[in-house]
Amino acid sequence: EDLVVSALKIIPEDDVLLTEHSVQQFECLAYDQFGNEMDVDLEWPSVTNYVGGFSADYIFTPTRNGSVSLMVRYGAISDYRKITVVDTVVSDIKISPDIVSLTDIENQEFICEVTDQLGNRFFVTPNWTLVENYGVVSSNGTFTPFFGEVGMLTLRAEYRDAIAESHIV
C-alpha cells in the first residue's frame with residue numbers, strides 16, 4: 001500500500017498570542033495513514049498580511065495588532081492556527097546600570113529593557129529625562145555631566161505608562 005499524507009500538525013499546537021515585540025517559530029509535521037511522520041514539501045503562506053509576516057524559516061513577526069490564520073497545506077490536507085497580536089503592556093522596566101559613580105568629566109551610556117505581559121524582554125528607546133539639572137542625557141541614553149557640577153542625579157526612563165529610575169552619584 002502506498003503511503004499518503006493523511007494529517008498535518010502545526011507546532012505549536014495551540015493558537016498563538018503575541019505582542020508587537022515578540023516572534024513565533026512554527027513548524028509543521030506531516031503524517032501518513034498509519035500515523036508515521038513523513039518528509040514532504042508543504043505549502044506555507046508566502047504573503048505578508050496586515051498583522052505580520054513569515055520569514056523563510058517560518059518565523060512569524062508581527063507588525064500590528066489583529067488576528068490572522070496560519071494555514072499549512074499538502075494537497076487537500078491542511079492545518080490551521082490562529083495568531084493574535086495584542087498591544088504591549090509593560091510589566092517591568094529597568095535601566096542599566098541602575099547605580100553608577102562618575103567623575104565630572106565621564107560620560108555614561110544607559111540602556112532600557114522592558115518586559116511585556118507575555119514575558120518577552122526587549123530593549124527600547126524611552127523618553128530619557130534627568131530629575132536634576134547637573135548634565136544632559138541624549139535620546140540614545142548617553143549621560144554627559146556639566147563640567148564642575150556635582151551631586152546625586154536621578155535619570156528617568158519613560159516608556160508608555162512605565163517609569164524606571166537610575167541614580168548617578
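Here the structure is a predicted model, which is why all the values come from computation and not from measurement. The chain is numbered in sequence order, starting from 1. FYI, side chains are in, hydrogens and waters are out, and symmetry mates aren't considered; it's all heavy atoms of this structure.
Under the 4.0 Å criterion applied to side-chain N and carboxylate O atoms, R81 and E27 are not assigned as salt-bridge partners. A salt bridge between R156 and E165 is present, with a side-chain N of the basic residue lying under 4.0 Å from a carboxylate O of the acidic one. Under the 4.0 Å criterion applied to side-chain N and carboxylate O atoms, E113 and R121 are assigned as salt-bridge partners.
One distance of note links CG of N127 with OG1 of T125; it measures 11.0 Å at 0.5 Å rounding. Note: T144 OG1 to E109 CD = 9.5 Å, rounded to the nearest 0.5 Å. If you take OH on Y80 and CE on M71, they are separated by 5.0 Å, rounding to the nearest 0.5 Å. Atoms CD and CD1, from E132 and I168 in turn, are 9.0 Å apart once rounded to the nearest 0.5 Å. The distance from atom CZ of F110 to atom CD1 of I95, rounded to the nearest 0.5 Å, is 7.5 Å. Here the straight-line distance linking atom CD of Q33 with atom CE of M38 works out to 7.5 Å at 0.5 Å rounding.
Under a 3.5 Å cut-off, the side chain of T61 and the backbone N or O of G53 do not form any donor-acceptor pair. Between the side chain of T115 and the main chain of G119, no donor-acceptor pair closer than 3.5 Å is present. Side chain of D98 to backbone of S166: no donor-acceptor contact under 3.5 angstrom is found. Listed for the T154 side chain is no donor-acceptor partner under 3.5 Å among the backbone atoms of H167. Judged by distance alone, the side chain of Q25 and the main-chain N or O of D57 form a donor-acceptor pair under 3.5 Å. Proximity of a side-chain donor or acceptor of Q117 to a complementary backbone N or O of D87 within less than 3.5 Å is detected.
Using cut-offs of 30° and 60° on the angle between ring planes, the pair W44 and Y58 is parallel. The aromatic rings of H21 and F122 lie parallel to each other, their planes meeting at an angle below 30°, with 60° marking the opposite boundary.
Residue pairs meeting the side chain to side chain donor-acceptor pair (under 3.5 Å) criterion with at least one partner in residues 66-76, sequence neighbours excluded, are S67-T84.
Nearest heavy-atom pair across V5 and A30 is CG1-CB, 4.3 Å.
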Check the pair V86, L17 against side-chain contact (heavy atoms from CB on, under 4.5 Å), reporting the backbone distance first and the verdict last. CA-CA 7 Å; V86 297; L17 180 65; 3.5 Å; yes

With side-chain hydrogen bond (donor to acceptor under 3.5 Å, both in side chains) as the criterion, how do T88 and D116 come out once you've worked through the C-alpha distance, each side chain's angles and the decisive distance to 0.1 Å? CA-CA 6 Å; T88 296; D116 70 16; 4.7 Å; no

Would T63 and E20 count as a side-chain contact (heavy atoms from CB on, under 4.5 Å) here? Give the steps. CA-CA 6 Å; T63 55; E20 70 264 27; over 6 Å; no

Test side-chain contact (heavy atoms from CB on, under 4.5 Å) on D79 and V72 and set out the steps. CA-CA 6 Å; D79 194 14; V72 180; 5.5 Å; no

Please assess F143 against N107 for the test side-chain contact (heavy atoms from CB on, under 4.5 Å), listing each intermediate value before the final yes or no. CA-CA 6 Å; F143 169 74; N107 291 348; over 6 Å; no

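Inter-residue side-chain proximity for F60 and I83 is flagged as met; some heavy-atom pair is nearer than 4.5 Å. Within the 4.5 Å cutoff, side-chain heavy atoms of C112 are placed close to those of W128. P97 has its side chain within reach of Q108: a pair of non-hydrogen atoms, C-beta onward, lies under 4.5 Å apart.
The same ILVMFWY cluster, assembled from side-chain heavy atoms under 4.5 Å apart, contains both V16 and L70. Under the 4.5 Å side-chain contact rule for hydrophobic residues, I111 and I93 do not share a cluster. In this structure, F34 is a member of the same hydrophobic cluster as L8, with clusters built from ILVMFWY side-chain heavy atoms closer than 4.5 Å. Under the 4.5 Å side-chain heavy-atom criterion for ILVMFWY residues, no single connected hydrophobic cluster contains both L42 and L29. Hydrophobic clustering, with ILVMFWY side chains joined whenever heavy atoms are under 4.5 angstrom apart, groups V40 together with F26.
Other residues, nucleotides and ligands contribute over 12 non-hydrogen atoms within 6.0 Å of the CG atom of N140. No more than 12 heavy atoms of other residues, nucleotides or ligands sit less than 6.0 Å from atom CG of D161.
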